[in-house]
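What follows is a set of notes on a single structure, which appears directly below.
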Protein chains: 2
Amino acid sequence: MQDSPTTITPRDTIEDAIVSGILNARIRPGTRLSENQLAGLFGVSRTRVREAMMRLETRCIVHVSPRRGWFVVEPSAEEAMMVYGARRVIEAGLLRSMRALSDEGRAAIRGHLAEEKAAMDAGDRQRLTCLMGDFHIRIAELAGNPVLIEILRDLTARTILISMLYQSDFHALQSHLGHCRIAEAMEDGDFAKAAELSIEHLDEVETGLDLTQRPDPLSELRSSLSLPPRSVPSSDGGTKTKSTTTKGE
Amino acid sequence: MQDSPTTITPRDTIEDAIVSGILNARIRPGTRLSENQLAGLFGVSRTRVREAMMRLETRCIVHVSPRRGWFVVEPSAEEAMMVYGARRVIEAGLLRSMRALSDEGRAAIRGHLAEEKAAMDAGDRQRLTCLMGDFHIRIAELAGNPVLIEILRDLTARTILISMLYQSDFHALQSHLGHCRIAEAMEDGDFAKAAELSIEHLDEVETGLDLTQRPDPLSELRSSLSLPPRSVPSSDGGTKTKSTTTKGE
DNA sequence: TTGGGCTATCTTGCATACAAGCAAGGACAG
DNA sequence: CTGTCCTTGCTTGTATGCAAGATAGCCCAA
């Protein structure tokens with residue numbers, strides 16, 4: 001797993017490096033991303049680092065705290081639910097829209113499941129995290145719609161951040177089995193069933209999260225003092241829903 | 001429909017202004033967006049204009065031709081199909097995921113349909129374009145998932161650009177009726193049917209496009225010379241699918 | 001008239017400089 | 001010892017300057 005050389009800089013290396021780091025669970029949520037440090041690291045000026053950050057910000061992967069710094073997002077419990085909700089909708093819709101599985105598709109899925117199994121046997125948790133996310137991207141790739149692939153990639157990145165925050169222990173086996181069931185239905189050509197299984201699977205994963213504790217480092221203190229649990233974990237801007245709609249009359 | 005005053009500049013006015021302009025069909029695909037002009041228009045320096053452009057670029061709403069300028073995207077026929085495909089998946093998935101319609105929800109939908117009808121009667125095509133797009137955002141708002149809302153908003157913007165490029169004439173009545181049918185199924189609580197209708201509706205709209213001619217200004221000349229139609233309309237990078245996946249050893 | 005090449009101008013790409021603001025640590029008064 | 005204030009350093013925010021490249025128009029030659 002060699003690190004990519006930072007000498008050649010094909011335009012958006014910084015962005016990709018960070019996303020890749022998150023996808024591989026090497027960058028934790030809340031990590032501070034200093035413009036100067038990154039600029040030094042990549043041998044460019046702050047300008048280009050900033051551009052990358054702006055892009056990542058519109059993808060909801062980092063956020064800026066004014067004059068304090070850039071940070072990898074720490075999704076709130078509410079946001080986490082929304083991300084899972086969006087994934088349920090999109091992935092179920094995607095599966096339902098599929099009609100048949102090509103031979104390469106079948107092979108790709110089987111190959112992926114084998115990789116998952118190998119990583120599980122090897123106990124390589126980082127790699128497993130990454131593969132678990134990739135499974136869903138693989139399906140999108142099968143459908144061959146780049147628009148959806150890109151959307152799911154970003155949602156997967158956010159999902160991994162969520163896992164790192166809220167997943168107390170890793171039910172790898174359970175997830176793997178879920179994937180296997182979905183794959184089976186797909187091989188049977190029963191995509192409606194695959195869609196249902198996909199929803200169930202995401203439900204399972206979501207309920208496997210501990211959405212009350214993690215993002216609040218004071219939770220232990222709070223509970224030992226018998227204070228009520230914080231209403232909304234992240235009280236800054238919250239979910240950003242810009243009103244760029246119609247603006248009718 | 002007053003224009004927003006450009007005096008107060010709350011951070012991302014430029015971005016919103018452009019998206020809003022597209023949503024209202026006031027900005028055509030292919031429009032050149034000069035950094036200097038926008039900077040002057042909004043009374044800021046190029047830096048901030050560039051930031052806005054970068055953000056819009058990650059949302060696939062503008063693109064940059066190196067050292068030539070920024071342009072509002074002109075989706076290729078292929079891209080157009082992908083966008084419609086993504087919308088079918090997401091909107092059908094969304095409707096299927098819905099369980100019941102609140103009273104406010106019902107009212108919102110009815111209100112929207114009334115607006116569509118009014119605009120149709122008034123023959124206000126711009127407003128109609130905008131409303132037609134908004135219908136689908138309204139549904140997402142009903143589901144109350146900000147993540148999906150944001151995704152659909154961007155897809156809607158791209159859809160409107162596609163319409164402006166490929167829609168020879170505007171089947172407003174047909175679209176409106178499609179919306180009405182979907183709404184009816186929703187009011188009946190039959191969301192599976194609403195999902196199916198939604199897919200049909202998007203299919204109708206898509207097949208109503210003329211995906212062979214428009215983006216190529218030479219098409220008329222080409223056909224009068226009996227040359228074969230261009231294989232792939234946009235032969236530049238094509239659909240950008242960055243390889244930000246696993247990169248596992 | 002036509003074709004080739006040059007230049008003038010305008011575009012973005014990128015780095016840098018300066019301004020504004022936050023945070024932490026120390027000095028100091030109570 | 002404790003609380004307050006100030007200073008210092010480091011962060012991002014924004015503008016500007018310069019360089020590289022592309023385009024269009026012009027001149028000139030054939």
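Order of the sequence lines fixes the chain letters, A, B, ..., with proteins taken first and strands second; residue numbering starts at 1 for each chain. Both backbone and side-chain heavy atoms feed into the values below; hydrogens, waters and symmetry mates do not.
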Between D:dT23, C:dC22, D:dT11, which nucleotide gets closest to the side-chain atoms of A:R32?
D:dT11
Side-chain-base donor-acceptor pair under 3.5 Å for B:R67 and D:dA20
yes
Specify the separation, in whole Å, of atom CH2 of A:W70 and atom P of C:dC22.
16 Å
Pair B:R88-A:S97, side chain to side chain donor-acceptor pair (under 3.5 Å): steps then yes or no
CA-CA 8 Å; B:R88 270 192 292 270; A:S97 80; over 6 Å; no
Can you work out whether A:R46 or B:N36 has the more 5'-proximal nearest nucleotide on DNA chain C?
B:N36
Just the rounded figure in Å: distance from P of D:dT16 to CD of B:E35.
14 Å
Pair B:R59-A:T58, side-chain donor/acceptor within less than 3.5 Å:
no
B:R48 side chain: which of C:dA15, D:dT14, D:dT12 is closest?
D:dT14
So, is A:S45 close to the C:dA15 phosphate, meaning a side-chain N or O under 4.0 Å from OP1 or OP2?
yes
Would you please classify the geometry between the B:H201 ring and the B:H136 ring as parallel, tilted or perpendicular, with 30° and 60° separating the classes?
parallel
Give the rounded distance in Å between these two atoms: CG of B:L33 and C1' of C:dT12.
13 Å
Between CZ of B:R68 and P of C:dT9 the distance, given in whole Å, is 20 Å
Determine the contact category for A:S34: base if any of its heavy atoms lies under 4.0 Å from a base atom, sugar-phosphate if only primed atoms, P, OP1 or OP2 are that close, otherwise nothing.
sugar-phosphate
Any donor-acceptor pair under 3.5 Å from B:D124 side chain to B:R127 backbone
yes
